Amino acid sequence: MKEISSKYVPSEVEDKWYGHWKKKGYFHSEPDQREPYSIVIPPPNVTGILHMGHMLNNTVQDMLARKARLDGKNVCWVPGTDHASIATEAKVVKMLREQGIKKSDLSRDEFLEYAMKWKEKYGGIILKQLEKLGASCDWERTAFTMDKIRSESVIQAFCDLYERGTLYRDYRIVNWDPEAQTVLSNEEVIYTEENGSLYHIKYKIEGSSDEYITIATTRPETIMGDSAIAVHPDDPKYAEMKGKRALVPIINRSIPIIFDDYVELDFGSGALKVTPAHDINDYEIGKRHNLETIDVLNANGTISEAGEILVGMDRFKARKAILPMLEEIGQLVKTKDYVKSVGRSERTNSIVEPRLSLQWYVEMKALAQPALDAVENDEVTFFPKNQKNLYRHWMENIRDWCVSRQLWWGHRIPAYYYNEDVYVAATSEGALAKAKKDHPNITIDDLKQDEDVLDTWCSSWLWPITCFQGFHSREEMDYYYPTSVLVTGWDIIFLWVARMIMAGYEWEGKRPFKDVYFTGMVKDEKRRKMSKSLGNSPDALKLIDDFGADGVRFGIMSSSPAGGDLLFDKKLCEQGRNFSNKIWNALRLVKGWEEIDVAQPAENKLAIFWISQKLNEIIASVESDFKQYRLSEATMTLYNFIWNDFCSWYLEMIKPPYGEGIDLKSLQSTVELFEKMVIILHPLMPFLTEEIYHLLKERSDGDDCIISSYPNIIAVDKSLLKSMVGIQSIIGKVRDVRASNGLKQKEELTLLVESEQDVDQLYKTEGAIEMIEKLAFLAAFKSTQSLPHDGVSFMADNRKFFIPLELEINIEEEIDKIKKEISYADGFLKSVEKKLSNDNFVNGAPDHVVANEKKKQVDGIERLKILNESLKKIKS
RNA sequence: GGGCGAUUAGCUCAGUUGGUUCAGAGCACCUGGUUUACACCCAGGGGGUCGGGAGUUCGAGUCUCUCAUCGCCCACCA
């Protein structure tokens with residue numbers, strides 16, 4: 001036999017098997033007769049690098065995929081990347097800026113060329129990293145949200161929606177990102193509480209020399225955009241202001257004082273400056289009162305010409321600059337600290353500016369209804385299901401989706417303009433054909449295509465369809481769609497999940513996936529979100545280097561219930577590495593056994609029967625855990641079974657004495673068990689299990705763990721499992737006696753059981769006595785009718801045992817111990833008897849519960865009897 | 001302001017339709033252990049009034065109400 005190192009070394013194993021799997025084409029799927037199992041990856045940003053969130057998400061997907069593969073399904077896990085319009089564009093702009101190139105100096109085509117190059121350079125990194133994790137994606141299907149198939153689909157979808165009347169253009173106050181200079185959807189804005197100031201500024205009443213009205217604002221730099229001052233109609237303070245006008249400080253523009261019950265009486269001074277261009281509520285007030293809209297900000301957040309003063313200055317610099325100007329003319333009344341909720345762009349983190357602009361919107365109400373129903377009636381099933389509430393709430397209050405973005409990196413909106421007329425078509429020729437109906441003489445050069453691109457999610461929401469060419473052909477769609485499961489974080493339930501469900505019903509009339517498994521957020525051990533700025537995000541690849549991919553997978557899965565946060569701790573990966581090593585050493589032990597021609601010892605036979613039952617139990621439990629997506633439970637079940645039952649108990653049961661061989665039957669059975677064990681562990685720890693699978697036996701070409709068969713569930717012999725619990729408890733107690741009396745592990749003891757029967761009549765399970773003798777290191781295990789005086793006694797398996805020892809026995813302690821046990825047993829019996837004496841219980845409870853209580857009563861009485869006898873004896 | 005969820009051992013969490021003394025797991029902790037698969041280990045041990053209170057029931061960690069604390073989502077706050 002080849003020497004096996006005492007440590008498992010992942011680096012010697014992982015790349016070898018990943019390469020083998022790929023070469024064999026095990027990850028690749030084509031439609032066939034088998035049941036399909038399809039997953040589309042949540043496409044990571046094309047410029048992203050692997051972080052803990054991806055690790056979690058993809059480990060889950062891989063576990064599910066590998067399990068399904070072992071179950072004989074045709075698994076198709078489609079990988080890909082997202083062009084991530086705004087995030088990528090921001091990165092490219094930054095890179096160009098560092099090279100001294102301004103985006104504004106480039107043409108659209110030039111910019112896109114740079115962006116494409118960037119994508120070529122960085123785009124594949126994250127997918128390569130997924131390979132290190134063991135992800136069994138079908139790499140021949142790698143998709144990109146901006147490749148030809150996906151782009152055509154997005155454009156087609158836009159045209160479809162336009163034809164169906166679901167798309168419209170409107171002027172509205174939108175969330176504007178001044179850094180990226182684009183509109184954002186509501187879902188892309190993150191609100192947090194931030195410290196700021198509330199400024200009280202007084203405005204002179206027009207035509208009066210000393211009369212003022214004081215307003216409160218957090219945004220003094222926008223006063224030049226004021227169109228009115230509003231007060232509450234019932235506010236007595238301002239009753240005489242009716243019909244008066246005020247002058248905007250510094251620029252002295254005259255504005256009306258209006259009455260609107262939007263104003264809160266007790267906030268600030270009770271008077272509100274109305275700036276329709278820069279606040280959504282002010283805009284509404286402006287509409288009600290026919291106010292002028294004066295936009296004093298440019299797209300990049302600097303003061304515009306309309307501002308008259310501080311023109312060209314950044315909005316925050318302008319805020320600082322205007323205060324001394326107001327102070328100088330005595331119109332800054334006071335400044336108060338004020339905590340305000342501030343919206344920031346999810347992608348650039350710059351403070352979002354409400355801005356009036358013309359954008360494209362998707363009308364969502366009609367789209368939402370079937371998607372809402374689908375989740376309500378579990379046609380799309382959420383795990384955990386409490387995410388349904390969140391989903392329902394959002395869907396019932398859904399607002400229209402702003403889909404245009406003022407960016408270049410993305411799918412350019414297929415809308416063509418001829419003066420005021422709009423023509424939507426997949427191509428300019430198509431648009432021209434439409435336009436010619438209205439304007440027979442125009443040419444293609446007269447049409448101007450919309451400059452904007454579509455929101456990134458306009459491609460993501462079609463992903464389950466476009467990954468199988470849904471807008472192009474039916475062949476793959478009919479086989480793979482709907483997909484089996486979607487695995488994603490609950491933080492994008494609205495941005496992505498809800499929209500995919502809507503798109504699924506809109507274009508396919510079917511759910512896009514059957515189940516949705518929501519992972520939690522990965523946080524550090526102090527429950528802080530992983531972030532670059534905190535530096536608490538571990539380097540994923542380094543973790544794999546340190547602990548092996550299997551160790552990391554274990555670490556991630558052992559503590560991440562669906563929907564719950566994963567409090568990541570490197571220690572968990574360490575535990576995973578140790579687990580790998582444990583299994584590795586179990587293999588070393590088994591491989592080290594010489595097979596000899598002897599009869600199978602009775603205890604081995606029992607051990608094998610027991611562990612087989614136990615394995616069956618575990619297979620059933622893991623199977624049910626997978627069905628319910630309780631993956632961390634499955635992980636821990638496997639861990640406990642392998643470490644405790646298999647290694648600590650089973651291997652010790654059958655382990656031959658040092659230097660001796662093992663019988664053929666036991667060895668063969670052990671190899672078979674080991675093989676089943678690595679197969680059920682394979683979805684969690686693919687590399688180690690593949691390696692062991694091959695070390696266990698000679699394998700023919702194509703006999704690999706990854707494509708073997710998951711063992712069937714077999715009925716479990718429960719009574720055997722139960723009697724083994726008794727045997728184990730006796731062994732445990734003997735070990736306890738050694739530990740608490742300072743005896744050596746190997747010092748042979750005699751174990752006596754108090755009984756009128758012989759010990760082999762008492763323990764009829766074949767091999768039980770031998771097993772107890774072996775694992776408890778006994779010289780003998782006998783029954784006796786009268787126990788000797790010197791030694792230690794204990795109760796186990798509802799019997800009284802005794803170990804003769806030449807020891808100073810502390811009678812007092814011994815009496816205390818027994819008394820304690822008596823009082824426990826007594827309490828137990830009383831509670832049982834109380835139940836049984838209650839007619840309501842006996843009549844009301846189900847038969848098996850009552851029967852159980854009766855058995856408990858019998859056992860309890862017996863036990864109490866034994867204990868009382870012991871007490872009497874020790875006292876004598 | 002509207003909604004959702006949580007509270008079980010020092011920590012992180014299981015506990016499936018109320019029914020074995022049901023209070024569990026992993027980690028951490030304590031005691032002992034080195035030739036004989038593994039110190040990335042072995043054996044053993046301690047530790048919880050299931051957030052507080054009330055109720056329903058023969059029976060409540062599990063169901064109802066209430067209070068407290070925490071977390072999250074949505075809306076919005078001049």
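Values in this document were obtained by computation on a predicted structure and should not be read as measured data. All chains are named by letter (A, B, ...) in the order of the sequence lines, taking the proteins before the strands, and each is independently numbered beginning at 1.
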Hey, is the side chain of [X] poking within less than 4.0 Å of OP1 or OP2 on [N], counting only N and O atoms?
X        : N     : value
A:Tyr191 : B:C72 : no
A:Lys655 : B:A37 : yes
A:Asn640 : B:G26 : yes
A:Trp643 : B:C42 : yes
A:Asn578 : B:C41 : yes
A:Ser648 : B:A43 : yes
A:Arg735 : B:G44 : yes
A:Arg630 : B:U16 : no

Using atom [atom1] in both nucleotides, what's the gap between [N] and [M] to the nearest angstrom?
N     : M     : atom1 : answer
B:U34 : B:C42 : C1'   : 11 Å
B:G51 : B:A9  : P     : 8 Å
B:G24 : B:U8  : C1'   : 10 Å
B:G18 : B:G61 : C1'   : 10 Å
B:G44 : B:U7  : P     : 32 Å
B:G47 : B:C63 : P     : 29 Å
B:U57 : B:U12 : C1'   : 34 Å
B:C58 : B:A75 : C1'   : 49 Å

Interatomic distance where [atom1] belongs to [X] and [atom2] belongs to [N] [whole Å]:
X        : N     : atom1 : atom2 : value
A:Leu743 : B:G44 : CG    : P     : 15 Å
A:Arg738 : B:G44 : CZ    : C1'   : 12 Å
A:Lys571 : B:A28 : NZ    : C1'   : 7 Å
A:Leu638 : B:A14 : CG    : P     : 18 Å
A:Asp569 : B:A28 : CG    : P     : 10 Å

Which residue lies more 5' along RNA chain B, comparing A:Arg219 with A:Lys7 via nearest heavy atoms = A:Lys7

Starting from the 5' end of RNA chain B, give me the residue, A:Asp282 or A:Leu567, whose nearest nucleotide shows up first.
-> A:Leu567

Can you tell me if A:Lys202 and A:Ser269 form a side-chain donor-acceptor pair at under 3.5 Å?
-> no

Verify whether one side chain among A:Thr275 and A:Asp226 offers a donor that lies under 3.5 Å from an acceptor in the other.
-> yes

For [X], report the nucleic acid contact type (base, sugar-phosphate, nothing); a contact means any heavy atom under 4.0 Å.
X        : result
A:Arg392 : nothing
A:Glu652 : base
A:Thr217 : sugar-phosphate
A:Val850 : nothing
A:Phe579 : nothing
A:Gln628 : nothing

Residue [X], side-chain heavy atoms: nucleotide from [options] that is nearest:
X        : options             : result
A:Asn581 : B:C40, B:G26, B:A75 : B:C40
A:Gln575 : B:G26, B:A78, B:C72 : B:G26
A:Phe841 : B:A37, B:C42, B:G19 : B:G19
A:Arg527 : B:C13, B:A37, B:C27 : B:C13
A:Arg588 : B:A37, B:C40, B:A78 : B:A37
A:Tyr338 : B:A78, B:C58, B:C27 : B:A78
A:Ala739 : B:C4, B:G44, B:C27  : B:G44
A:Val263 : B:G5, B:A78, B:C40  : B:A78
A:Asn840 : B:A78, B:C58, B:G26 : B:C58
A:Asn644 : B:G26, B:C76, B:G44 : B:G26

Begin with the C-alpha distance, continue with both residues' side-chain angles, and end with the deciding distance and a verdict on side-chain contact (heavy atoms from CB on, under 4.5 Å) for A:Val13 and A:Leu688.
-> CA-CA 7 Å; A:Val13 169; A:Leu688 172 77; over 6 Å; no

Under the side chain to side chain donor-acceptor pair (under 3.5 Å) criterion, do A:Thr637 and A:Glu633 qualify, and how do the steps go?
-> CA-CA 6 Å; A:Thr637 301; A:Glu633 280 81 2; over 6 Å; no

Atom pair CG (A:Leu681) and OG (A:Ser580), whose distance is rounded to the nearest 0.5 Å = 8.5 Å

Verify the ring-centre separation between [Y] and [X]: is it less than 6.0 angstrom?
X        : Y        : value
A:Phe674 : A:Phe646 : yes
A:Phe259 : A:Tyr238 : no
A:Trp490 : A:Phe518 : no

Between the base of B:C38 and the side chain of A:Lys582, is there any donor-acceptor pair under 3.5 Å?
-> yes

Crowding at NZ, A:Lys529 (>12 non-hydrogen neighbours, <6.0 Å) = no

A:Asn397, CG atom: more than 12 neighbouring heavy atoms under 6.0 Å | yes

Are A:Val342 and A:Tyr191 close enough that some pair of their side-chain heavy atoms sits under 4.5 Å apart?
-> no

Dot-bracket notation for RNA chain B, counting Watson-Crick and G-U pairs under 3.5 Å, with | for partners on another strand | (((((((..((((.....[....)))).(((((.......))))).....(((((..]....))))))))))))....

